[in-house]
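Below is one structure, written out as structure tokens; comments come after it.
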Amino acid sequence: MESQSTWCVLPLPQVSAQNHYDYCARVDSADTRLLLEYHNSCSPVNLLPVEVLARIFSFSSRAEERPESFGAPIRPKLGWTHITFVCRRWRHVALNHAALWANIDFALGYWWAKEMISRSKSMPLILDRFQAWQPLTIPQGDLIIENMSRIEVMRLDADIEALDSQFDRIICEPVPLLKEHCIIGTVVVDLSGSFLGGFASNLRTLNVQNTANFPWESSILKNLVSFRLAFRDKGLPRPSPEEFFSALNTIHRLESFNLHNCVPTPTDESDITVKLPCLASFEGWNDVRKCTYFLVHLDIPTMASINVGMYYLDSEPEISEAFTSLAPAIAGFLRGHGNSSASISALSLDDTSTMFAVTAIRPDAPRIYMDFQPELWTARGRKPVLAARVLAALSSEHLKHLSVKSTDIGWSPFIWLDIVAGAPGVQTISADGQAAEMLCLALRMSAGSSLSERTSLGTGQLLLPGLQQLSLRGLDLTAIAHREVRDRVSVVPRMPSHMREGQHTSKTNPPRLRGT
Amino acid sequence: MPTIVSVDDSTVPGEGSSRLLLLVSSDNKHIVVEEDIMSRSRFISKQVEGFEATSQRHAILLPFSSFVLNKVIEYCSHYRGYYLLEDDPDAAPPGRSPVREWDQEFLDVDRNMLLRIIKAAHYLEIKSLVGSCARAIADMIRGKTTEEMREILGVENDFTPEEEHSPSSKCTG
């Protein structure tokens, strides 16, 4: 009874029924929250040290590894910020991990940019405006300029809608910490003003597209490691050879050099040697003839990769000229580096539907690439002929391995004659598609199954005295012509089942085909 | 700090061309491993330096199970003698290196095991393993909704309604 009376005298809150319900719900939710908080504190993931959890978050915020487009990575949006809504501990760790917020993407809007800059505290900033199709607003520009002293990486787009006075202000401001700078877009950016205030001692990577009046004499270039300059507009004025070569001679640490449409027009008077002691990779696009001129002037002991290519070519003569001028230049380049005879040991030709590439490998300087992307309908059926010219110019008596991967039409036995004419020491040949068919035919005709066939091959003969391995893919052995070849080598043991998909290998000398 | 206990010579296998360490797991399993293998662990390296100073033989007691320890030893054995960028304190910021195929297979374990391995790797100061595990966990939650993340990692929503909708509100943790 006593407990009953005690119970009765307890003061009840003087509130309405609704308020009373809310009060009880609050009490319940507070208790529940405590329980949930306790549960989370025992959760294995929350037993991880703060720095490990932060590391997980930084991986989840990082852009996925994808091919780069014009040098700028395609980044995801802010989906990763869901982590701040998972639980109190995750939010606490994420908000206090400044590095997580230092990658500012202006495409997400002003509010987010400002918020992220604030959360990143004093961390160096990565500022990204790539694929931001809205104009750069005044507050955005002000925000960037306010934080110039913290910017380590700056990627700006220069598209017609985005270009305004803010942009001009930003590219002229000094950025002391800047390591990587990228200006990409369709609009021509005039850099005649004080580009980066003329001072960027930490700048290592510069990627500029469509620029007018590039400051070749500027000291900002001298510490570059990677330099990419691209002109979309072919009509833009090129640098003079003198200023171009003089500028390059000051960039002693340059390792990667990439030029699109902007190799200087050669003049016979210029006789400058460019010394780039660290250069490992050179790419030159669309100016094949000029690139070859440039290569002649290079003194690059460490060069490992040359990639000279072209795209958007309009006419077949243009393609043909590019092909034929490039190959001797590359061969000359090889000879110019202590090799009186260019000793390429392996060649591979990869001709897919979108690209034509030649890879030449020499023992001392690992690889030289030539990539061609002529418009297919123009070059269709002509690429093998052009390829043969390139290979004939590049091949040498030291060539041991030759690989041809082709999806193109236009191969003939005569092309193979051209290709192997300068490579008598070749030991392995690998080919597929029509190239393999025609190689097979050339071998058959050289073997002289009939006088008329031998005559049709002309005076040349496919002589491969050193051939040890022949690998052909995609060859239809049921075709009458190949059946004849197969019959001629019928003494060769039956091909193993795992090789019946179309690869036929012979390790005997002279070459013979294995048949089923 | 780990507990270091002196052990009899009989406990530690005889000296060969490579020095041996005795690691004792939390479930009291004794695992003998070559010092060379565990040199990727900065924690173990520091301990070994201490041994040299006292010229005594020691066992190292570690606060995780033999199952986890064996996984860590497997990782260290696989990369024995390899240079891994993430383990180099002077190298560029970690995480830029591509995901190693072997690591992906090695870390194809259940969630709790993965969390135990990362904790052990952090304790042993093996940065490359911490990085690989962190990447694997990040892959598990990348692109997921908040609810899905909670479900995957066994976490509950402990926000108040006000906190939940205010990402920049200050949390006391």
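Side chains included, hydrogens not; waters and symmetry mates left out as well; all remaining heavy atoms used. Below, chain A is the first sequence line, B the second, and so on; all start at residue 1.
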Chain A contact via B:Ile141 - which portion, at a heavy-atom distance below 4.5 Å: side chain

Distance (rounded to the nearest 0.5 Å) between B:Met140 CE and A:Ser60 OG: 12.5 Å

Top of B:His122, B:Glu147, B:Arg116, B:Arg111 for chain A proximity - count of heavy-atom pairs under 4.5 angstrom: B:His122

Nearest-0.5 Å distance that lies between atom CZ in A:Arg89 and atom CG in B:Asp158: 11.5 Å

Chain B contact via A:Leu34 - side chain, backbone, both or neither, heavy atoms under 4.5 Å: neither

Region of A:Leu53 in contact with chain B, defined by heavy-atom distances below 4.5 Å: neither

Over 12 non-hydrogen atoms of neighbours within 6.0 angstrom of CD in B:Glu148: yes

Distance in Å, A:Cys87 SG paired with B:Asn157 CG, rounded so as to fall on 0.5 Å steps: 8.5 Å

Structural part of A:Pro49 lying under 4.5 Å from a heavy atom of chain B: side chain

Heavy-atom side-chain proximity of B:Met149 to A:His82 below 4.5 angstrom: yes

Over 12 foreign heavy atoms within 6.0 Å of NZ, B:Lys29: no

Minimum-distance pair of heavy atoms, taken over all atoms of A:Phe59 and B:Gly131: CE1-O, 3.4 Å

B:Phe159 six-ring centre to A:Arg88 NZ/CZ under 6.0 Å and within 45° of normal: no

Within 6.0 angstrom of B:Phe67 CZ, more than 12 heavy atoms from elsewhere: no

Spacing of B:Glu163 atom CD and A:Phe85 atom CZ [to the nearest 0.5 Å]: 11.5 Å

Between B:Val130, B:Leu115, B:Asn112, the one whose heavy-atom pairs under 4.5 Å with chain A are most numerous: B:Leu115

Exam field: side chain A:Asn40 to backbone B:Glu156, donor-acceptor pair closer than 3.5 Å: yes

Nearest-0.5 Å distance that lies between atom CG in B:Leu153 and atom CG in A:Leu48: 9.0 Å

